[in-house]
Each structure stands twice: as C-alpha cells, then as structure tokens.
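Chain letters run A, B, ... following the sequence lines, proteins first, then strands; residues in each count from 1.
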Amino acid sequence: MGESGAAEQTGGPALELRRLVKRFGGRTAVDGVDLVVPVGSVTGLVGPNGAGKTTTLSMATGLLRPDGGTARVLGRDVWSDPVAAKRLVGVLPDGLRLFDRLSGRELVRTTGQLHGLRRDVASARADELLAVLGLAAQGEELVVDYSAGMTKKVALACALVHAPRLLVLDEPFEAVDPVSAAAIREVLARFRAGGGTVVLSSHVMELVERLCDRVVVVAGGRVLAEGTLEEVRGGGTLEERFVELAGGTSHLGEGLAWLRSS
Amino acid sequence: MVAVLLRLRLALWRGALRRDTWRVVVLVLGGLWGLGLVAGALTGLAALSGAPVEVARAVVVVGGTLLVVGWTLVPVLAFGVDPSLDPARFATLSVPPRTLAVGLLLGALVGVPGVLSLLVGVGTALAWLRGPAAPALALVAALGGVLGVLTAVALGRLVTSAAAGVLSHRRAREATAVVGVLALALLGPVLASVGELLPALDLEGAGRALDVVAWTPLGLAWAAPADAAAGAWATALTRLALAAAALAALVLAWAAVLARRLESPGPSSAGRPARRHRSSASRLPEGVRWAVASRCLRYWRRDPRYVVAAASSLVMPLVLALLAVLGSLPEVFLWCLGPATGLVLGAALHNDVALDGPAFWSHLAAGVRGVDDRAGRSAALLLWAVPVVAGTTVVGVVLAAGGAALAPEGLARLAGALGAALGLLLAGTAVSAVVSAVRPYPAQAAGESPFSQPSGAALPGSVAQLLTFLLTGLLALPAVLLGALTPLQPWLGPLALAAGAGLGVLALREGVRRGGALLDHRAPELLAAVRRDR
C-alpha cells in the first residue's frame with residue numbers, strides 16, 4: 001500500500017485514507033484503514049455486511065468524524081479544510097434520506113445551489129441530469145413518491161450537479177432495476193471519460209468486476225486486499241477470492257434434509 | 001387460530017417491552033392513569049344507582065355512545081397508532097378472513113384501552129344495582145356493556161380497514177392526520193364553550209335525540225338495562241338481541257373488507273406532480289442561504305409536520321380570540337393574541353435539525369456554512385411569520401378596542417403590542433437558531449403519524465422547549481415590558497415597537513452567528529445523533 005503513481009499529479013491521489021479509525025461504543029467499526037485511490041480509476045469497495053464500508057466512506061466524505069487518521073481528497077484534508085475538499089466530492093450515501101418533499105427537479109437544483117452554484121446554472125444542469133437519467137417525465141413529482149430505483153438516480157444526479165472530480169457512491173446499484181442500472185453505468189462511464197474518479201461500494205461481485213479497474217476488499221474494519229482487479233482476484237473470480245478472504249465457509253453440513261421435496 | 005392470534009399479540013407486546021425500557025414506563029404510567037379514570041367512572045356509575053332511571057339512562061347511553069365513537073374515529077385519524085396487527089401482514093398466510101376478523105377483534109381488546117373499556121363497559125352494571133331485580137338488571141347491563149365495547153372495537157376496525165384503501169395514498173393520509181391533530185387541539189376550547197352553552201340547551205329535544213340514539217347500533221346495548229329497570233323487559237331483551245345482531249353484521253362486513261384487502265394488500269399510490277409555485281420560493285435572491293430558505297419554504301407548505309405546526313399556531317389564537325369575543329375569556333387575551341403567536345412561532349425551529357432527519361447530510365456533504373444554514377432557516381420562517389404575527393396583533397387589538405383602535409391612544413397601544421409580538425418572534429427565532437444546533441432530540445420522521453411521539457422525546461423535548469421559551473422571554477423582556485406598560489403611558493408604544501424590532505434584529509444576527517459557529521463545529525455530531533434517534 002505504498003504511494004501510487006498517481007500521487008505525482010497535482011494535489012495527490014483522488015482519495016487518500018490514512019489509519020482511519022472509528023469506534024462505536026466498545027466496538028471498533030473501522031480499524032486503521034489505509035487506502036489510496038489513484039486519479040482516473042474506478043475503485044470498488046467490497047466486503048460483507050458490517051465490514052465498515054459505509055463507515056469508511058462516511059468518514060472519507062465528511063459525514064462522520066473519525067476517531068483517528070486522516071482523509072484527503074486531491075490533497076485537501078476533508079476534516080481540516082472541509083470547504084475545499086467537499087467542493088471536489090460528490091456523495092451518494094446509502095440509507096440516508098433526501099429532502100424528499102421537494103420534486104426531483106427542485107432537489108437537484110437546490111443541491112447545486114447549496115454547493116454555491118447560481119440558480120440558472122443549477123437549474124440547467126438539473127434538467128440535463130434528469131433527462132440523461134430518464135427522470136425528465138417525473139421531474140415535477142415529489143421524491144417521496146419515487147420508487148427505490150428512481151430515488152437512487154435522483155441521488156446520483158445530486159452527487160453530480162456541482163461537477164465534482166471524485167464520486168463516492170455507497171451501494172449505488174442496490175434496489176435498482178436493470179434499466180436504471182444501465183443508465184447509472186452510462187453516466188459513470190461518461191464521468192470517468194471526463195477525467196473523474198469513482199469510488200463505489202457494492203455486494204454484487206459481477207458488477208464490481210464489470211465496472212471497476214481497482215478493488216479493495218474490506219472485512220472487520222480492515223483492508224484485506226487492495227490492487228487492480230487482476231491482482232486481487234489472481235486467476236479466479238472475484239467472488240471466490242472474496243469468500244476466501246472474508247472467511248465464508250459452509251455451515252450447512254447435514255441440516256435442512258427436510259427441505260427435499262421428493 | 002383465534003388463540004394463536006391472541007398469543008401473537010401478547011408476544012408482540014412482550015417483544016416491544018423488552019426492547020425499550022421507556023415503553024414499560026409509559027405503559028405503567030398510562031395504565032395507572034387509565035385505571036384512575038376507570039376508578040372515577042366506576043365510582044360515578046355506582047353513585048348513579050341512587051339516581052332516577054332517566055338520569056342513569058341518559059348518562060350511560062351518552063357515555064357508551066361516545067366510547068363507540070371514540071373507538072371508531074381515533075384509529076382513523078391517528079393512522080399508525082398500532083400497526084402491529086395490521087391485517088395486511090396476514091396476506092401471505094392462509095387464514096380464513098372470518099377467523100382473522102374474530103381473532104383481530106379480540107386481539108384489539110388485549111391492550112390498555114381495550115381492557116379499560118371492558119372494565120367500564122361491565123362496570124355499567126353498578127348503575128343498575130337497584131330495586132328487587134338488581135341481579136337480573138346487573139346481568140343485562142354487564143351483557144350490554146360487553147356487547148357495546150365489542151361493537152365499538154368492531155366498528156373501529158371496520159372503518160379503519162375500509163379507510164385503509166383511501167389512506168394508503170400519502171396525501172390523503174397526511175391531510176387526515178393534519179385535520180386530526182387540529183381537531184384534537186381544538187377539542188379543549190370547544191368543550192369549554194359547549195359547557196357554557198349547555199344550561200341553555202332544550203332538555204326535551206335532547207331527550208328525543210337520546211331515544212333515537214338508543215335505537216342505533218351505537219346505543220342499543222347501552223340502553224337495554226334502562227328499559228329493564230323501567231319494567232319493559234321485552235324491550236330490553238329486544239335491544240340486546242338487536243345489539244348482538246348488529247355486532248355479528250359488523251364482524252361479517254369487516255371479514256368481507258379483510259378478504260378484499262388480503263387479496264390486494266398494498267394498493268400502490270402513483271406520484272402526482274408537485275404544484276409549481278411561481279411564488280415566494282422562486283423569487284428569492286441568489287446565494288446558499290436563500291437556497292436553504294427556498295427548501296424550507298417548500299417544507300412549510302408540503303410537510304405535514306410543518307403544516308401542523310404552522311396551522312396550530314394560527315388556529316389556537318383564533319379560537320382564543322373567539323372565546324374572548326364571546327365573553328368566556330377576559331379581554332386581556334385579545335391584547336396578547338399577537339405576542340402569544342410570536343412566542344409560539346419563534347420556537348418553531350428549536351429542533352429543526354431533528355426534523356430534517358438524516359436528510360441533513362446534504363448540508364454536510366455540500367459544505368454549507370453554519371451561518372448560511374441558520375440564516376436560511378430563519379429567513380424562511382420569518383418571511384411568512386412576520387406578516388402572520390403582525391396580522392394577529394392587529395386583529396386582536398381591533399377586536400379588543402373596536403373603533404378606538406384608530407384613535408391616537410389605540411394606535412399607541414397597537415404599536416406596543418406589535419413591539420412585544422415582533423420582539424418575541426425575532427428573539428425566539430434567534431434562540432432557536434442556537435438551541436437547535438446544540439443537540440437535536442428525537443422528532444417524528446417525515447411521513448410518520450403526527451400523533452406518534454418518538455420514544456424518549458418527552459423529557460428532552462420539554463426541557464428544550466422550556467429553555468427556548470425562557471431565553472426568548474429574557475431576550476424580549478424590554479419590548480414586552482414596554483408593551484405591557486403602554487396602556488398606562490401611551491407614549492411607550494412606539495418605544496416598544498422600536499425595542500422589539502431593533503433588539504430583535506440584533507438578537508437574530510447574534511443567534512445566527514453563534515448557532516452557525518456551533519454548527520460548523522458540531523454538524524457531524526448532529527447528523528450522528530439524528531441518525532441514532534431513528
């Protein structure tokens with residue numbers, strides 16, 4: 001986990017986490033995570049439930065104060081220079097509500113304005129993002145009435161509206177139907193082609209294999225493996241490697257015999 | 001099957017109690033309070049045994065009918081009071097609807113309100129312990145009481161289930177909830193004025209109305225013992241039989257509704273476009289704080305929690321004004337109309353971060369500065385609250401002084417009241433800007449029933465509110481004092497206005513600055529607290 005090549009670029013890696021620690025009561029959720037995400041990469045953060053993915057990403061984006069360690073975005077410290085760092089990051093958190101009494105269009109525009117955009121700029125970008133994500137027809141409906149997939153898409157639009165250079169997406173494909181997922185992938189591809197960097201967490205290994213060029217495996221609040229997709233999966237599939245690393249073994253044995261229908 | 005449903009109900013209770021110690025406390029306190037009420041009711045009923053038959057009849061029938069109406073209306077208005085035995089949850093199981101109906105009916109009785117209602121229902125027997133036929137009368141009354149309570153529960157469930165289709169639409173549900181909360185808020189004043197009007201009531205007409213009610217399913221069971229006490233045993237038994245038949249019909253009707261609901265458990269509601277308001281929110285100036293303000297303005301219009309807060313701050317003073325005009329309240333209430341509204345509205349934002357809930361993350365992720373957050377929220381409130389407070393002040397003064405309000409002395413007193421009102425509103429907004437950045441306490445989530453108080457909110461909530469009111473009063477003291485002295489020295493009126501507006505604006509600037517600084521330091525902790533409370 002040394003300095004990656006991208007560190008020579010102005011401002012350093014897109015995201016650099018050093019010894020991040022978070023404790024909840026007596027439980028250590030994140031136990032000294034080090035992570036370097038080079039500019040221009042799409043990095044997948046994979047790990048079992050409770051591995052500390054969401055906690056790590058929250059601390060990396062300024063939503064949760066770490067108990068120790070640093071987080072830097074393109075060289076700006078998220079916790080000592082938050083305004084500069086947050087200007088560069090777009091966030092899609094998992095399981096946090098949106099201001100859902102706004103219509104989709106209002107929500108995206110307001111988010112842009114919160115980032116300091118002028119109203120006409122934010123408004124034009126909101127229209128464009130909703131159109132690209134297939135939400136133009138529902139732009140005037142309240143977000144509270146959206147389906148789960150539509151909510152993810154409008155949240156992605158909010159993460160993009162201020163033209164960030166790093167996107168941090170927590171479970172962007174959860175509860176998303178294939179059509180919406182395709183729309184999201186397309187937007188991510190365009191974002192990356194424009195020089196952006198993406199960090200996303202997911203349970204779905206095939207998706208990570210398809211989208212990401214770098215993978216970080218997290219479990220028990222620690223980084224178990226990190227590198228390019230090829231390095232991490234080393235010959236096998238990512239799923240096999242992941243189960244091996246995260247310590248999944250069969251508990252089935254001889255149980256459930258009564259489930260046989262013949 | 002019925003036994004299984006009852007056991008399920010008990011198990012749900014145990015589970016809820018084990019998870020949350022506060023619930024045990026609430027349950028015990030609620031139970032004790034309820035038992036107190038029941039004891040009072042039973043004492044009253046026992047005392048009725050010495051009263052003439054007509055009086056006992058009137059009290060029991062009216063009380064019983066109110067019980068039935070209460071069981072019917074409260075669950076509809078307070079959606080989400082107890083979803084633990086929501087029929088829709090049984091959709092995947094193969095339970096025959098009629099069995100389910102009976103099981104859920106009895107299950108609804110297992111609970112504090114159910115048990116207490118049953119106690120009172122059976123307790124009506126106490127009122128009929130009279131004359132040689134006392135045991136038989138008591139039996140008829142107890143039977144009638146049980147039938148009456150069962151009818152109440154069944155009617156309530158039927159109406160809830162039937163309304164569930166309509167109420168599954170968010171807007172309908174929210175509108176009902178808003179109406180329900182306001183109705184509850186008005187209950188006290190309305191009852192008070194009814195009490196005043198009661199002596200003037202035409203007794204004969206009331207007696208005729210009672211006779212009609214006694215033949216409806218609402219009153220049938222409750223009226224039976226009175227007939228028996230008057231010697232008309234055949235009428236009494238007819239009423240009991242009719243009550244039982246009505247109950248059976250209700251259960252059958254409910255089973256039919258259940259069967260339909262079990263086939264289509266969750267009617268989906270399509271989103272409707274938000275009305276596009278070209279009004280205030282889109283005419284605000286550029287800048288982050290005005291973006292915050294425009295979001296808040298939309299919430300004041302669309303979120304039931306805000307709508308309830310705004311509407312009740314308007315309705316309450318209007319009711320007070322009405323009572324004062326009718327003469328039930330002293331005239332001084334009219335002078336206080338504006339200041340009271342200002343005080344209430346000023347505290348409206350004292351837990352605003354908790355009302356945002358986890359959505360507050362958007363401010364954090366965007367790096368919104370604390371002062372912009374505070375200023376935006378305050379501006380959104382003041383944009384509509386200043387005209388409202390000024391309006392209620394004028395209305396109150398005109399009602400109190402009549403034509404004299406336009407005389408120089410009247411105008412001076414108006415200025416005094418206005419100064420106190422604006423001073424309280426601005427100072428309250430300033431205090432709220434700081435208090436809401438210190439530590440949010442649990443609030444209802446958006447979309448939850450406005451009736452449901454989140455657990456653990458009562459104590460910190462009252463402390464925060466009390467603190468807000470105290471600090472507000474302290475900050476606005478000069479304006480309030482000057483305003484209060486205006487009736488003695490009219491020249492103090494303009495001074496009060498200047499003090500209220502001037503000191504208020506100063507306080508607000510300071511509150512926004514301090515609250516903003518707090519927020520800059522503690523926003524992640526506030527977000528964590530708000531998430532924990534969910």
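When the shell of 6.0 Å around CZ of B/R522 is examined, it contains more than 12 heavy atoms from other residues, nucleotides or ligands. More than 12 heavy atoms of other residues, nucleotides or ligands lie within 6.0 Å of CZ in A/R185, so this atom counts as buried by the packing criterion.
Between A/F99 and B/Y299, the two ring planes are perpendicular [angle over 60°; tilted spans 30° to 60°].
Here the closest non-hydrogen pair linking B/R531 and A/L96 is NE-CD2, 3.3 Å. Closest approach of B/R302 and A/L102 over heavy atoms only: NH1-CA, 3.5 Å. Taking both residues in full, the closest heavy atoms of B/V288 and A/Q113 are given as CG2-O, 3.6 Å, listed atom of the first, atom of the second, then distance.
Annotation: maximal heavy-atom pairing with chain A below 4.5 Å, among B/S362, B/A359, B/A523, B/P524, occurs at B/A359.
No side-chain donor-acceptor contact under 3.5 Å links B/W361 to the backbone of A/L98.
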Under the criterion side chain to side chain contact (heavy atoms under 4.5 Å, CB included), I'd like the reasoning laid out for A/R101 against B/R298: C-alpha separation, chi angles, the key distance, then a yes or no. CA-CA 8 Å; A/R101 300 284 155 156; B/R298 293 191 160 92; over 6 Å; no
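A heavy-atom distance below 4.5 Å is not found between the side chains of A/R97 and B/D356.
Residues of residues 366-379 of chain B lying under 4.5 angstrom from chain A, judged on non-hydrogen atoms, are B/A366, B/G367, B/V368 by number.
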Distance-only criterion, 3.5 Å: show the donor-acceptor pairs between side-chain atoms of residues 171-182 of chain A and protein atoms not counting sequence neighbours.
{"residue": "A/E171", "atom": "OE2", "partner": "A/H203", "partner atom": "ND1", "Å": "3.2"}
{"residue": "A/D177", "atom": "OD1", "partner": "A/V179", "partner atom": "N", "Å": "3.0"}
{"residue": "A/D177", "atom": "OD1", "partner": "A/S180", "partner atom": "N", "Å": "3.0"}
{"residue": "A/D177", "atom": "OD2", "partner": "A/S180", "partner atom": "OG", "Å": "2.9"}
{"residue": "A/S180", "atom": "OG", "partner": "A/K153", "partner atom": "NZ", "Å": "3.3"}

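Residue contact with chain A, scored on non-hydrogen atoms closer than 4.5 Å, involves the side chain of B/L527 exclusively.
Atom CD of B/E525 sits about 8.5 Å away from atom CG of A/L64, to the nearest 0.5 Å.
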